[in-house]
2 protein chains.
Amino acid sequence: MEAKKNTVEKICEMQTALDILGGKWTFLIIYALLDGKKRFKELERAVTGINTRMLVKELKNLEDHQILTRTAFATVPPTVEYSLTDKGRDLEATMKYLYKWTKDWM
Amino acid sequence: MEAKKNTVEKICEMQTALDILGGKWTFLIIYALLDGKKRFKELERAVTGINTRMLVKELKNLEDHQILTRTAFATVPPTVEYSLTDKGRDLEATMKYLYKWTKDWM
DNA sequence: TACAATAGTGTACCTACTTGCAAAAGTAAA
DNA sequence: TTTACTTTTGCAAGTAGGTACACTATTGTA
């Protein structure tokens with residue numbers, strides 16, 4: 001009963017994380033940013049299949065949760081850079097193992 | 001351009017994995033099974049907040065993709081055990097790092 | 001003069017995920 | 001006799017997540 005209770009608790013904690021990360025595109029966006037900052041259009045090209053609307057929405061979501069930062073430059077046409085915070089970059093291990101699993105099993 | 005192309009490819013591959021794993025409850029169910037097989041009701045209690053309908057659906061989904069196996073026993077009342085396959089258990093590292101991140105940042 | 005480029009916004013729509021509730025079967029225990 | 005237990009399924013309904021497409025501003029280039 002002891003170990004079981006711990007599992008339940010852990011699952012509850014993870015639910016809060018997955019509320020943020022569990023979207024259809026969230027992991028992919030973070031993964032795309034692991035190798036450095038990217039501009040909006042670069043992300044749109046990197047994450048195949050996503051549309052503008054969802055990318056905007058997800059970026060806002062991730063910024064709200066301090067997983068990435070947004071930096072806008074007043075150029076013409078405008079330039080905006082997105083890059084992971086420490087919190088975001090700390091998902092690297094998770095992402096790498098997820099990719100490894102994908103390679104091994106899919 | 002070279003490294004970038006690789007990222008795009010990796011993201012495409014991961015999309016196929018996330019099509020299976022990306023549900024609201026999927027990760028949590030797998031996490032619950034990491035420490036051994038569980039019966040249906042045990043899972044329902046472990047994954048706080050899930051309802052019967054979704055659990056059935058997700059278990060079927062995961063079984064279809066060989067991430068877990070279902071074993072039914074003709075007892076009364078019926079007993080059904082779910083346990084991870086090798087493919088499923090191989091998500092352990094991913095899950096553990098995800099939990100670690102949760103603990104560190106949430 | 002027309003077009004391309006960037007980073008979005010506005011509007012409208014849609015469907016698929018998710019939920020709630022009730023019911024089945026058969027035995028054991030109160 | 002009634003209730004409880006387990007593993008589902010059926011039905012009906014709701015909501016949020018996701019999609020499509022057009023449009024803005026400003027400058028440089030062909």
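Proteins come first, then strands; the chains are lettered A, B, ... in the order of their sequence lines, and each starts at number 1.
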Q) Using 30° and 60° as the class limits, which term best fits the ring planes of B:Tyr82 and B:Phe40: parallel, tilted or perpendicular? A) tilted

(Q) When you compare the side chain of B:Trp25 with that of B:Val47, does any pair of heavy atoms fall below 4.5 Å? (A) yes

Q: Give one of base, sugar-phosphate or nothing for B:Lys24, where a contact means two heavy atoms less than 4.0 Å apart.
A: sugar-phosphate

Q.
Nearest whole Å is fine: how far is D:dT6 P from B:Glu81 CD?
A. 14 Å

Q. B:Trp25 side chain: which of C:dA7, D:dT7, C:dT19 is closest?
A. C:dT19

Q) Side chains of B:Thr52 and B:Glu44: is there a donor and an acceptor less than 3.5 Å apart? A) yes

Q. Reckon B:Thr52 touches a base, only the sugar-phosphate, or nothing at all at heavy-atom distances under 4.0 Å?
A. base

Q.
From CD of A:Glu63 over to P of C:dG8, roughly how many Å is that when rounded to an integer?
A. 10 Å

(Q) Under a 3.5 Å threshold, yes or no: a donor from one side chain and an acceptor from the other, between A:Asp35 and B:Thr7? (A) yes

Q: Assess whether one donor atom and one acceptor atom, taken from the side chain of A:Arg53 and the base of D:dG17, lie less than 3.5 Å apart.
A: no

Q: Among C:dA7, D:dT7, D:dG17, find the nucleotide with the atom closest to the side chain of A:Lys57.
A: D:dG17

Q.
I want to check a possible cation-pi pair here: A:Lys10 against B:Tyr99, using under 6.0 Å from ring centre and within 45° of the ring axis as the test.
A. yes

**Q.** Rounded distance in Å - CZ (A:Arg39) to C1' (C:dT6)
**A.** 7 Å

Q) Taking CD from A:Glu44 and P from C:dT9, how many angstroms apart are they, rounded to a whole number? A) 13 Å

Q. Hey, does B:Phe73 reach any base, or is it just sugar-phosphate, or nothing, if we go heavy atoms under 4.0 Å?
A. nothing

(Q) Nearest heavy atom decides the nucleotide; on that basis, is A:Val56 or A:Pro77 closer to the 5' end of DNA chain C? (A) A:Pro77

**Q.** Nearest-angstrom distance from the residue atom CE of A:Met54 to P of C:dC14
**A.** 19 Å

Q) Roughly, in whole Å, what's the span from CZ in A:Arg70 to C1' in C:dT6? A) 12 Å

Q. CZ of A:Arg45 versus P of C:dA7: gap in Å, rounded?
A. 8 Å

Q: Tell me what B:Val76 touches on the nucleic acid: a base, only sugar-phosphate, or nothing, going by heavy atoms under 4.0 Å.
A: base

Q) What's the CZ-C1' distance between A:Phe40 and C:dA7, to the nearest Å? A) 6 Å

Q) OP1 or OP2 of C:dT6 sitting under 4.0 Å from any side-chain N/O of A:Tyr82? A) no

